[in-house]
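Lettering follows sequence order; numbering is per chain, from 1. As the structure is a computational prediction, the values presented were derived from the model and not from experiment.
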Number of protein chains: 2
Amino acid sequence: MKHTNNLDICCPPRLVLDRIGDKWSVLIVLNLSDGPKRFSELRETLHHVTPKVLTHTLRGMERDGLLTRTVFAEVPPRVEYELTQLGHSLRPVMEPINAWAAEHVDEVLSLRKAHDAQLADEPAAH
Amino acid sequence: MKHTNNLDICCPPRLVLDRIGDKWSVLIVLNLSDGPKRFSELRETLHHVTPKVLTHTLRGMERDGLLTRTVFAEVPPRVEYELTQLGHSLRPVMEPINAWAAEHVDEVLSLRKAHDAQLADEPAAH
DNA sequence: CGGTATCCCCCGGGATACTG
DNA sequence: CAGTATCCCGGGGGATACCG
């Protein structure tokens with residue numbers, strides 16, 4: 001996004017996809033849906049994503065107001081992440097995504113496989 | 001995705017996001033919603049995206065059965081892209097995305113701005 | 001515990017030029 | 001018209017190591 005395409009502005013969907021289209025944001029929202037969680041808890045659930053990446057993702061979401069980060073002055077340190085109202089409002093957006101995926105994942109995968117197989121068969125077209 | 005994480009399988013949402021999370025797929029679906037379009041038509045609507053990129057995106061979508069590619073044996077050549085049933089079924093998925101974006105884009109942008117401004121103020125925390 | 005700091009690789013995506 | 005062929009850059013994201 002170097003030359004500030006007006007597409008970025010004219011197309012709101014891009015804002016959402018840039019925000020939740022990355023690898024972990026959706027899973028984070030889902031995981032925080034029923035209450036705040038600590039950094040390590042999230043890491044475990046997210047299959048031990050690298051701390052750097054998790055931090056980066058969380059910071060980005062915090063920046064956009066999707067969640068809050070609360071540091072507790074204890075030893076050992078404790079940090080909790082919690083969805084904001086805005087963060088919670090994303091659930092209705094994700095449900096259709098989930099539903100579509102659940103319903104069509106097999107179809108897509110088999111279509112993809114068939115398509116690849118067909119291409120592999122006919123290198124003759126060249 | 002090198003070491004085939006089981007997350008890819010266990011989390012259907014990823015399939016969708018990997019598919020429509022890229023820069024152009026959503027816009028393509030929206031643009032093909034009311035009927036087939038030719039390659040150049042798509043290019044124009046999509047703010048003159050590079051042919052290479054457009055081709056790549058379209059091929060990926062074709063591979064997953066979201067659209068069909070029809071070549072007409074004419075001169076000059078004509079190629080039309082049309083959503084499949086599966087492709088059309090994505091619309092209900094995108095509408096909430098659109099709606100959320102329309103409703104919250106200003107909020108997110110201002111929250112983001114405020115957040116950045118605050119960080120710029122306090123390099124003292126260091 | 002909850003992060004930073006580095007290094008590194010891959011690839012999405014744009015620019016430019018050429019072709020059947 | 002509808003693509004290919006190259007080159008290139010930025011950054012997402014993982015691995016590893018270290019820190020307050």
Side-chain angles (χ1 to χ4, degrees), chain A residues 1-8 11 14 17-28 36-63 67-82 119 123 125-126, chain B residues 1-8 11 14 17-28 36-63 67-82 119 123 125-126:
Chain A
M1 251 147 258
K2 54 198 69 162
H3 67 95
T4 309
N5 196 323
N6 36 8
L7 181 66
D8 305 333
C11 183
R14 278 256 49 87
L17 293 172
D18 286 342
R19 179 64 273 160
I20 70 169
D22 63 28
K23 193 163 181 179
W24 302 108
S25 293
V26 169
L27 290 175
I28 291 174
K37 285 219 170 80
R38 321 180 46 165
F39 190 81
S40 327
E41 290 182 283
L42 284 173
R43 275 205 71 194
E44 267 182 61
T45 320
L46 305 189
H47 302 77
H48 300 93
V49 52
T50 298
K52 190 198 71 172
V53 174
L54 181 55
T55 301
H56 180 75
T57 307
L58 290 170
R59 293 287 202 273
M61 298 175 70
E62 187 193 5
R63 177 177 180 243
L67 51 77
T68 58
R69 176 175 177 269
T70 311
V71 184
F72 294 87
E74 310 171 356
V75 279
R78 182 163 59 103
V79 178
E80 282 193 353
Y81 294 89
E82 183 169 18
L119 284 188
H126 188 276
Chain B
M1 247 146 259
K2 55 199 69 162
H3 68 94
T4 309
N5 197 325
N6 36 9
L7 181 65
D8 305 332
C11 184
R14 280 256 48 86
L17 292 173
D18 286 342
R19 179 63 275 159
I20 69 168
D22 63 28
K23 195 163 181 181
W24 303 109
S25 293
V26 169
L27 290 175
I28 290 174
K37 286 222 170 78
R38 321 177 47 162
F39 190 80
S40 327
E41 292 182 281
L42 284 173
R43 274 205 73 194
E44 267 181 61
T45 321
L46 304 189
H47 301 77
H48 300 91
V49 53
T50 297
K52 190 199 72 173
V53 174
L54 181 56
T55 301
H56 179 75
T57 307
L58 289 170
R59 293 286 201 275
M61 298 175 70
E62 186 192 6
R63 177 175 179 244
L67 50 77
T68 59
R69 175 174 177 270
T70 310
V71 183
F72 294 86
E74 309 172 356
V75 280
R78 182 163 59 104
V79 178
E80 282 192 354
Y81 294 90
E82 183 169 19
L119 283 188
H126 189 274

So which atom in Arg43(A) and which in Thr50(A) form the shortest heavy-atom distance, rounded to 0.1 Å? NH2-CA, 4.3 Å
The test is side-chain contact (heavy atoms from CB on, under 4.5 Å); show your working for Thr57(B) and Val49(B) and say whether it passes. CA-CA 11 Å; Thr57(B) 307; Val49(B) 53; over 6 Å; no
End-to-end axis angle, where each axis spans five pairs of the helix from dC1(C)-dG20(D) to dG20(C)-dC1(D), to 10°: 50°
Quickly work out the Trp24(A) CH2 to dG14(D) C1' distance and round it to whole Å. 10 Å
Proximity to the side chain of Thr50(A) - top-ranked nucleotide from dG14(D), dG2(C), dG14(C): dG14(D)
Atom CD of Glu74(A) to atom C1' of dG20(D): distance rounded to whole Å? 16 Å
May I have the distance from Lys23(A) (atom NZ) to dC9(C) (atom C1'), rounded to whole angstrom? 13 Å
Okay, side chain of Ser25(A), backbone of Gly21(A): is any donor-acceptor separation there less than 3.5 Å? no
Where is the tightest heavy-atom contact between Val79(B) and Arg69(B), given as atom of each residue plus distance? CG1-CG, 3.8 Å
Side chain of Pro51(B) only, please: which of dC1(D), dA17(C), dG13(D) is the nearest? dA17(C)
Apply side-chain contact (heavy atoms from CB on, under 4.5 Å) to residues Arg59(A) and Glu62(A) and explain how you reach the verdict. CA-CA 5 Å; Arg59(A) 293 287 202 273; Glu62(A) 187 193 5; 3.9 Å; yes
Ranking dA2(D), dG3(C), dA17(C) by distance to the side chain of Val79(B), first place goes to dA2(D)
Looking at residues 52-59 of chain A, who's got a heavy atom less than 4.0 Å off DNA chain D? Lys52(A), Val53(A), His56(A)
Does Arg38(A) reach a base, just sugar-phosphate, or nothing at all? Heavy atoms under 4.0 Å. sugar-phosphate
Within the distance-only criterion (no hydrogens, no angle test), does the side chain of Arg78(B) pair as donor or acceptor with the backbone N or O of Ala73(B) below 3.5 angstrom? no
At 4.0 Å (heavy atoms only), tell me whether Arg43(B) reaches a base, stays on the sugar-phosphate, or touches nothing. nothing
Is the shortest heavy-atom distance from the side chain of Met61(A) to the side chain of Ile28(A) under 4.5 Å? yes
Report which part of the nucleic acid Val71(A) touches: base, sugar-phosphate, or nothing (heavy-atom distance under 4.0 Å, all strands). nothing
Arg19(A) meets the salt bridge (Lys or Arg N to Asp or Glu O under 4.0 Å) criterion, sequence neighbours left out, with Asp22(A), Asp64(A)
Please answer whether the main-chain N or O of Leu46(A) pairs with a side-chain N or O of His48(A) as donor and acceptor at a distance below 3.5 Å. no
By nearest atom, which of the nucleotides dG14(D), dG2(C), dG14(C) is closest to the Val49(B) side chain? dG14(C)
Considering every strand and a 4.0 Å limit on heavy-atom distances, what is the contact class for Phe72(A): base, sugar-phosphate, or nothing? nothing
dG12(D) P sits how many Å from Asp18(B) CG, rounded? 16 Å
Dump the intermediate steps for side-chain contact (heavy atoms from CB on, under 4.5 Å) on Thr55(B) and Phe39(B), then the final yes or no. CA-CA 9 Å; Thr55(B) 301; Phe39(B) 190 80; 3.6 Å; yes
In this structure, how many angstroms lie between the C1' atom of dA15(D) and the NE2 atom of His47(A), rounded? 18 Å
What is the separation between atom CG on Leu46(A) and atom P on dG14(D), rounded to the nearest whole Å? 10 Å
d(CZ, Arg78(A); P, dC1(C)) in whole Å: 13 Å
Could you state the NE2-P distance from His48(B) to dA2(D), rounded to the nearest angstrom? 13 Å
Looking at every strand, decide which applies to Val75(A) at a 4.0 Å heavy-atom threshold: base, sugar-phosphate, or nothing. nothing
